[in-house]
Chemist: 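A single structure is presented below for examination.
A note on names: the letters A, B, ... follow the listed sequences, proteins ahead of strands, and every chain is numbered from 1.
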Amino acid sequence: MINEIKKNSKKIVFVTIFIIAITSLLGGAIGEIFGLGFASFPFPLISVAPETLFSIGNYNFSNTTLTLIISGIIVVTLGFFATRKMKEVPSGLQNFFEVVFDLFASLGKSFGGKKITKLIPIVVIFFLVIVTANYVGLLPIAGSVGRIESFEEWFHHNRDERVELVQNNSSIIKSGLNAKELEELVTVRILLNSDQRFVAFDDSGIIPFGRGEQQKVSISNIVNLDIGTLNSIENRLLKGEALSNGEQDYLHKVEEQIHNGVVVQKFESAQGKTVDLEGKKVGLLIPFFRAATTDITFTLSLALLAVLIIQITGIASLGFKGYGAKFISFKRGFMHLLVGPLEFIGELAKIISFTFRLFGNIFAGEILLVSMSFLLPFLGALPFMALEFFVGVLQAFVFALLMIVFSSLAAEDHSKSGQHEQNEHNQEREKLPSSV
Amino acid sequence: METMPVSLQQLAAGISIGLGALGAAIGVGIIGGKAMEALGRNPEAKDVIQQSIILPIVFAEATAIYALVISILIIFVG
């Protein structure tokens, strides 16, 4: 009886997996070519810079900051509960933390010896923070739940950015335009040159339409673009002439259409079908949560802290002069004068390598997950999720390990160690006959 | 940048990650091969080899990741 149940449950599992696979194959991007893409979703906005959720004055609070706060709270809470009622023989949460600590303590001892023992708690903190920050980005809500930025907001944000860029760097546009004309010129340039595509949302403005790529609305379907008029407006503004009445009316109409931000006409999708989305609002999805390590600012701060800690370890072990002698020293021969600046450049290279190794791995993983789940909706991301779990732990471990290795390298003493040990060894040998 | 044609951007991104991944793949392959050789000569050193191979592999991958970051920056940020 139990064997029958086991065999049946195996069959049920296989059949379920098969059904999910077929659904995902037909519903995703591959099925769209045959007109069946019912489970596809629009390609979300991928940007290297983190998207801002709101801004307080000049400070932009981005979604990676929110995730970082959450991961920090998680680490501190776990650490708090692990240290209540500590037992001699650990179990549960305390055991987990002791495993991590022991791993880095043994690594530190094997690499650096006694000089590194003060560094181990800091290294463990780096490891835990990076692992948590990587894993929070893999939660189901990260990357898909967010707020919708309307077309008007995107346009104004883009325009203000470019106006500021031109105002700070006056070599881009060489004529003297006042503020309003500059805005108009930038508007026209954005309308002509931008190939950003948008997503149409349903009437409540919350859920995007399925059918993925087919629904990506380009700017020409939101604002009626009249290329001739736009080009002539641009030429007139660059020459400094006033605009004609017709051109000004056109600009007013364009502003109104930007303000509305709806699809104004039917268009043809890349597959050649007409897509009818008139009257639907367009926008872009800005996710609320994004892994904190996909923010170059965060990884750069971690890298700067790490290199600072390495320098401090070196200075604490060797003294200021002793450590500085690694870079500039006139007493160690001619070759050392040439090698010293190269060592300094090596320190700067450490900052860059720390930053980009961590950032690149996690960000590339995010893009990989998004594109895989775009191709095969339910199953495509599974093996890559496993890879992401592995990579998250591995990169944090490598960061911490490299801190240990570089600190032990910084704290070791090239010039005197060989001679010092040799002298000690000789003294030991000289002492022996008198004691006997 | 609006001045660079889009096709040149995409070509640059493709070449960047292509050459970067080529170097990394060859490097990791050589490391793995030497590890297998060492394992074959001395099967008792399995734990030591497994522990110490992670670091060289991560270093070899890191350069490919730098190339990937450059290609992402080329495509998405001008």
Chemist: How long is the gap from OG1 on A/Thr355 to OH on B/Tyr66, to the nearest 0.5 Å?
Modeler: 9.0 Å

Chemist: Quick check for you: to the nearest 0.5 Å, what is the distance between B/Ile72 atom CD1 and A/Ile367 atom CD1?
Modeler: 4.0 Å

Chemist: So how far is it from A/Leu107 CG to B/Gln51 CD, rounded to the nearest 0.5 Å?
Modeler: 7.0 Å

Chemist: For a side chain to side chain contact (heavy atoms under 4.5 Å, CB included) check, start with the C-alpha distance between B/Val58 and A/Arg357, then their side-chain angles and the critical distance, and finish with the verdict.
Modeler: CA-CA 9 Å; B/Val58 167; A/Arg357 185 184 302 113; 4.1 Å; yes

Chemist: Which distance, rounded to the nearest 0.5 Å, do you find between the CD of A/Gln395 and the CD1 of B/Ile65?
Modeler: 7.0 Å

Chemist: Go through the steps for A/Phe356 and B/Leu68 under the test side chain to side chain contact (heavy atoms under 4.5 Å, CB included), then give the verdict.
Modeler: CA-CA 10 Å; A/Phe356 282 112; B/Leu68 178 67; over 6 Å; no

